[in-house]
Amino acid sequence: MGRLDGKIALVTGAARGIGEAISEAFVREGASVVVSDIRNSLGREVATRLGAQALYEHLDVRDESHWVAAVDRILDRFGRLDILVNNAAITGLDEGLGPHDPEHATLEAWTAVHRTNLDGVFLGCKHGIQAMRPTRGGSIINISSRSGLVGIPGAAAYASSKAGVRNHTKTVALYCAQERLEIRCNSVHPAAVLTPMWDAFLGEGPVGEERMLAIAMANPMRRWGSSSEVAETVVFLASDEALFMTGAEINIDGGLLAGEVEPTPE
């Protein structure tokens, strides 16, 4: 028996990184998973690898018509939606949008990041609630970030958008409770989790290796986290083990937000 047996899940940004790991964990726990992304070839590869319990759906989270079409197809095929993971996000650093500090970032770059990271979550929650309302229950999990809790001088739009995800999660949780719906909404805040999103910042070669080591050593646990470790927490929030959790935020950061530790000899 899996912890998600018989549940129907939609995961955005699932072609790689944390979204891919969440999809894998969901299938392993018995859910049927709609793997969605705009990277069609990578997304289809993930769904194919996961087998009969997974299928791929092209979904640009910035476009409301995509949400309408995707949810309609899910309801036509499965009759309901039990789990939604709003994971799709960009930093803006590897999309050729220029600088992202608060002095030099362009309005276009700021807007582009918010369209994916925050507008996409708003649309996901909106259509997720509507899809779950007939069964009056479900779990929405929004992937925020440590950056939604602290400032990031070189990634102002990313930090702002993730802070918005954190706050909107609480609004959705309260709205669903007010509507007497058993639809839970929680946020997850990873930090120092090694995914392709870090590639643009880290760089390649010896410089990239030095940056990777420096980030690991700055973490109280002295290492990077993995996508699979984030996925295990998301499985818990999606399962019936978390039925009394809503509006909560969970940090997965190796203790980074807890404070500093004394340096120790290697």
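These numbers come from the heavy atoms of this one structure, side chains and all, not from hydrogens, waters or symmetry mates.
By the salt bridge (charged side-chain N to carboxylate O under 4.0 Å, His left out) test, Asp60 pairs with Arg62, sequence neighbours left out.
In terms of modelled atom types and a separation under 3.5 Å, the side chain of Glu29 and the main chain of Arg3 share a donor-acceptor contact. Checking side-chain atoms of Asn117 against main-chain N and O of Ile90 turns up a donor-acceptor pair under 3.5 Å. The backbone N or O of Leu237 sits less than 3.5 Å from a side-chain atom of Ser139, completing a donor-acceptor pair. Distance alone, capped at 3.5 Å, is enough to place a donor-acceptor pair between the Ser161 side chain and the Tyr158 backbone. Remark: side-chain polar atoms of Asn87 are not paired, donor with acceptor, to backbone N or O of Ile143 under 3.5 angstrom. With hydrogens and angles ignored, the 3.5 Å screen pairs no side-chain donor or acceptor of Asp253 with any backbone N or O of Ala192. Side-chain atoms of Arg136 come within 3.5 Å of backbone N or O of Arg180 as a donor-acceptor pair.
In this structure, Lys126 NZ and Trp67 CH2 are separated by 12.0 Å, a value rounded to the nearest 0.5 Å. Rounding to the nearest 0.5 Å places CZ of Arg28 at 11.5 Å from CD of Gln53. Between atom CG of residue Leu181 and atom CD1 of residue Ile129 there is a gap of 8.0 Å, rounded to the nearest 0.5 Å. To the nearest 0.5 Å, atom CD1 of residue Ile140 and atom CZ of residue Arg184 are 10.0 Å apart. Annotation: the span from Ser239 atom OG to Lys7 atom NZ amounts to 8.0 Å, rounded to 0.5 Å. With rounding to the nearest 0.5 angstrom, the CG atom of Leu118 is 9.5 Å from the NZ atom of Lys162.
Looking at Ser32 and Phe26, their side chains never come closer than 4.5 Å, going by heavy atoms from C-beta outward. Inter-residue side-chain proximity for Glu24 and Leu50 is flagged as met; some heavy-atom pair is nearer than 4.5 Å. At a threshold of 4.5 Å between non-hydrogen side-chain atoms, the residues Thr169 and Ser144 do not count as touching. Looking at heavy atoms from C-beta onward, Leu81 lies in side-chain contact with Leu10 at the 4.5 angstrom threshold. A heavy-atom distance below 4.5 Å is found between the side chains of Asn142 and Cys125. Thr116 is listed as a side-chain neighbour of Val61, based on a closest heavy-atom distance under 4.5 Å. Between Gln130 and Val71, every side-chain heavy-atom pair lies at or beyond the 4.5 Å cut-off. Residues His66 and Glu57 are not in side-chain contact: their nearest non-hydrogen atoms beyond the backbone lie 4.5 Å or more apart.
With hydrogens and angles left out, the side-chain atoms of His127 and Glu64 include a donor and acceptor closer than 3.5 Å. Asn86 and Thr12 form no side-chain donor-acceptor contact under 3.5 Å, judged by distance and modelled atom types alone. Side chains of Tyr56 and Asp37: a donor-acceptor N/O pair is absent below 3.5 angstrom, by distance only. The closest side-chain donor-acceptor pair between Asn251 and His189, if any, does not fall under 3.5 angstrom. His114 and Ser160 are linked by a side-chain donor-acceptor pair at a separation below 3.5 angstrom, with hydrogens and angles left out of the test.
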(message) Using side-chain contact (heavy atoms from CB on, under 4.5 Å), reason through Asn186 and Ile250 one step at a time and then give a plain yes or no.
(response) CA-CA 8 Å; Asn186 297 288; Ile250 299 179; over 6 Å; no
(message) The test is salt bridge (charged side-chain N to carboxylate O under 4.0 Å, His left out); show your working for Arg39 and Glu45 and say whether it passes.
(response) CA-CA 10 Å; Arg39 300 175 181 88; Glu45 287 176 11; over 6 Å; no
(message) Could you walk me through whether Glu179 and Arg133 satisfy the salt bridge (charged side-chain N to carboxylate O under 4.0 Å, His left out) test, starting with their C-alpha distance in whole Å, then the side-chain angles of each, then the deciding distance to 0.1 Å, before giving a yes or no?
(response) CA-CA 10 Å; Glu179 292 286 299; Arg133 184 177 280 277; 3.1 Å; yes
(request) Report the C-alpha separation of Arg80 and Asp82 in whole Å, then their side-chain angles, then the decisive distance to 0.1 Å, and conclude whether the salt bridge (charged side-chain N to carboxylate O under 4.0 Å, His left out) test is met. (result) CA-CA 7 Å; Arg80 69 182 193 282; Asp82 303 305; 3.0 Å; yes
(message) Checking Gln178 against Leu174 for the side-chain contact (heavy atoms from CB on, under 4.5 Å) test, could you report, in this order, the C-alpha distance in whole Å, the side-chain angles of both residues, the deciding distance, and whether it holds?
(response) CA-CA 6 Å; Gln178 180 178 282; Leu174 293 174; over 6 Å; no
(request) Run the numbers on Ile83 and Ile8 for side-chain contact (heavy atoms from CB on, under 4.5 Å), then give the verdict. (result) CA-CA 6 Å; Ile83 304 163; Ile8 311 301; over 6 Å; no
(request) Test Val193 against Ser227 for side-chain contact (heavy atoms from CB on, under 4.5 Å), laying out the working first. (result) CA-CA 6 Å; Val193 174; Ser227 295; 4.3 Å; yes
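Ala15 and Glu20 make their closest contact through O-OE1, 3.8 Å (heavy atoms, listed as atom of the first residue, atom of the second, distance). Closest approach of Cys176 and Ile183 over heavy atoms only: CB-O, 3.3 Å. Residues Leu243 and Asp240 approach most closely at CG-O, 3.1 Å, considering heavy atoms. Summarising the geometry of Ala173 relative to Gly247, their closest heavy-atom pair is CB-N, 3.4 Å, with the distance given to 0.1 Å. The two residues Leu97 and Ala109 make their nearest non-hydrogen contact at O-CB, 3.4 Å. Among all heavy-atom pairs drawn from Ser36 and Val11, the shortest one is OG-O, 2.8 Å.
A single hydrophobic cluster is seen to contain both Val172 and Met132, as judged by linkage of ILVMFWY side chains at heavy-atom distances under 4.5 Å, directly or through other members. Tracing side-chain contacts under 4.5 Å through hydrophobic residues (I, L, V, M, F, W, Y), one reaches Val46 starting from Val85; they form part of the same cluster. If you chain together hydrophobic residues whose side chains sit under 4.5 Å apart, Ile252 and Ile141 fall into the same group. When hydrophobic clusters are built by joining Ile, Leu, Val, Met, Phe, Trp and Tyr residues whose side-chain heavy atoms come closer than 4.5 Å, directly or via intermediates, Phe236 is grouped together with Leu4. Under a hydrophobic-cluster definition in which Ile, Leu, Val, Met, Phe, Trp and Tyr are linked whenever side-chain heavy atoms come within less than 4.5 Å, directly or via other members, Val27 and Val234 are assigned to the same cluster.
Sparse packing is recorded around CZ of Arg77, with 12 or fewer heavy atoms of other residues, nucleotides or ligands lying under 6.0 Å away.
Taking 4.0 Å as the cut-off between side-chain N and carboxylate O, Glu229 and Arg223 count as a salt-bridged pair.
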